[in-house]
Structure formats: C-alpha cells, structure tokens
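Worksheet for the structure shown next.
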Amino acid sequence: VQLQASGGGLVQAGGSLRLSCTTPGRKWSRYAMGWFRQVPGQEREWVADISWDGANTGYSDPVKGRFTISRNNPQKTLYLQMNSLKSEDAAVYYCAAGAERSRNEGDYESWGQGTQVTVSS
C-alpha cells in the first residue's frame with residue numbers, strides 16, 4: 001500500500017501538531033499502522049501503533065500521555081496527535097503499514113515518505 005504522510009512543521013515547545021497519513025489504495029482497513037521517527041545519525045524509533053480497527057494502540061514511553069494515534073478507515077487516514085511537544089520530539093516522522101501491530105520496523109511492509117517535525121525552544 002502506498003502511503004503519504006503530511007502535517008509536519010515548525011512548532012514551539014509545548015505546542016501541538018497533528019500528522020496525517022493517507023493512501024490511495026483500497027486495502028487500507030486490512031492493515032495495522034504505526035508511526036516511527038528518526039533523527040539524523042540515529043536509528044529509526046517506534047512511536048506508536050494501532051490495530052486495523054483502531055481498538056488497540058501502543059505508545060513508546062517517551063510519548064505516552066502526550067501523543068495519540070488514531071485512524072479513520074472510511075477516509076483511509078491515520079493520525080498522530082502530538083501535544084506538549086518537546087525539543088527531543090524533533091525528527092522525521094514516518095507512517096507504516098503492516099499485517100499486525102509491531103514495535104519493529106522490519107514487520108512493516110509499506111512506508112510513507114516522512115514528514116519533518118521541528119520543535120523550537
């Protein structure tokens with residue numbers, strides 16, 4: 001499935017952003033989805049994931065309580081609401097689709113192009 005991520009930008013520390021990820025494909029609802037992020041020179045880091053029906057979600061410790069992952073299957077859109085942003089949240093954020101929820105990037109078969117999030121202090 002082809003994925004397109006958007007919504008990144010520059011935000012002040014403490015502010016909010018909402019990332020979106022869409023697909024022109026028809027099999028959207030069959031996939032679990034995840035958000036990952038990567039800082040230059042570092043490995044890609046799992047942020048959150050969600051089951052195909054939205055019933056189950058998971059978050060990494062650094063973002064738990066501040067980020068919310070959700071999806072709208074009829075609109076074929078995945079979201080990541082990011083609140084109380086910190087400087088350490090700055091990264092390129094990627095959405096990914098896979099057969100099941102996973103913290104491992106190798107378990108995802110399709111990836112979006114990434115969207116840059118910059119947090120100013």
Side-chain angles (χ1 to χ4, degrees):
V1 60
Q2 182 180 356
L3 303 174
Q4 300 168 346
S6 62
L10 173 64
V11 63
Q12 287 189 332
S16 298
L17 277 178
R18 189 177 75 162
L19 306 184
S20 299
C21 176
T22 62
T23 178
R26 294 182 292 178
K27 297 184 179 179
W28 169 265
S29 62
R30 300 184 184 182
Y31 291 96
M33 302 294 296
W35 285 101
F36 289 75
R37 65 187 182 186
Q38 188 171 26
V39 174
Q42 298 184 17
E43 293 186 351
R44 194 148 49 184
E45 172 190 24
W46 169 73
V47 174
D49 57 46
I50 188 167
S51 58
W52 69 271
D53 59 356
N56 297 293
T57 59
Y59 299 92
S60 65
D61 286 343
V63 308
K64 195 173 297 181
R66 299 187 297 120
F67 291 11
T68 303
I69 188 171
S70 62
R71 64 191 297 166
N72 183 322
N73 283 345
Q75 295 186 355
K76 296 188 291 184
T77 305
L78 172 74
Y79 299 103
L80 184 68
Q81 178 66 45
M82 305 186 296
N83 298 329
S84 302
L85 282 160
K86 305 175 181 180
S87 57
E88 52 262 44
D89 295 318
V92 176
Y93 282 72
Y94 298 89
C95 56
E100 296 181 355
R101 291 172 51 212
S102 175
R103 304 182 178 194
N104 300 315
E105 60 177 302
D107 291 334
Y108 290 88
E109 57 188 81
S110 299
W111 292 83
Q113 82 284 10
T115 184
Q116 177 73 53
V117 172
T118 304
V119 182
S120 64
S121 56

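No continuous path of ILVMFWY side-chain contacts below 4.5 Å connects I69 to F36, so the two sit in separate hydrophobic clusters. V63 and V11 fall within the same hydrophobic cluster, defined by Ile, Leu, Val, Met, Phe, Trp and Tyr side-chain heavy atoms under 4.5 Å apart, directly or through other members. Hydrophobic clustering, with ILVMFWY side chains joined whenever heavy atoms are under 4.5 angstrom apart, groups Y59 together with V47.
For the salt bridge (Lys or Arg N to Asp or Glu O under 4.0 Å) condition, the pairs that include at least one residue of residues 90-101, sequence neighbours left out, are D49-R101.
D53 places a side-chain N or O within donor-acceptor distance of the main-chain N or O of A55, the cut-off being under 3.5 Å. When atom types are taken as modelled, the side chain of E105 and the backbone of W46 share no donor-acceptor pair closer than 3.5 angstrom.
With rounding to the nearest 0.5 Å, the separation of CD in Q4 from OG in S20 is 11.5 Å. Considering CD of Q116 and CG of L10, their distance stands at 10.0 Å, rounded to 0.5 Å. Separation of atoms CG (L19) and CZ (R37) is listed at 11.0 Å; rounding is to 0.5 Å. Annotation: the span from Y94 atom OH to Y108 atom OH amounts to 16.0 Å, rounded to 0.5 Å. Taking OG of S6 as the start and CZ of R18 as the end, the distance is 9.5 Å to the nearest 0.5 Å. Rounded to the nearest 0.5 Å, atoms NZ (K64) and OG1 (T57) are 10.0 Å apart.
Considering all non-hydrogen atoms of both residues, L3 and C21 come closest at CB-SG, 3.9 Å. Taking all atoms of both residues into account, the shortest heavy-atom contact from A13 to S121 is CB-CA, 4.3 Å. Here the closest heavy-atom approach between residue A99 and residue E109 is recorded as N-OE1, 4.2 Å. Taking every heavy atom of both residues into account, D107 and S102 meet most closely at OD2-OG, 2.6 Å. Closest approach of M33 to A97, counting heavy atoms only: SD-CB, 3.5 Å.
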Which pairs would a plain distance check flag for residues 77-86, meaning a side-chain donor or acceptor within less than 3.5 Å of a matching protein atom at least two apart in sequence or in another chain?
| from | atom 1 | to | atom 2 | distance (Å) |
| --- | --- | --- | --- | --- |
| T77 | OG1 | Q75 | O | 2.9 |
| Q81 | NE2 | N83 | OD1 | 2.9 |
| N83 | OD1 | S16 | OG | 2.9 |

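Shown here is W52, whose CH2 atom has no more than 12 heavy atoms of other residues, nucleotides or ligands within 6.0 Å. Counting heavy atoms of neighbouring residues, nucleotides and ligands inside a 6.0 Å radius, atom CD of E88 exceeds 12 of them.
Under the side-chain hydrogen bond (donor to acceptor under 3.5 Å, both in side chains) criterion, N56 pairs with no residue at all, not counting sequence neighbours.
The shortest side-chain heavy-atom distance between Y31 and T23 does not fall under the 4.5 Å cut-off.
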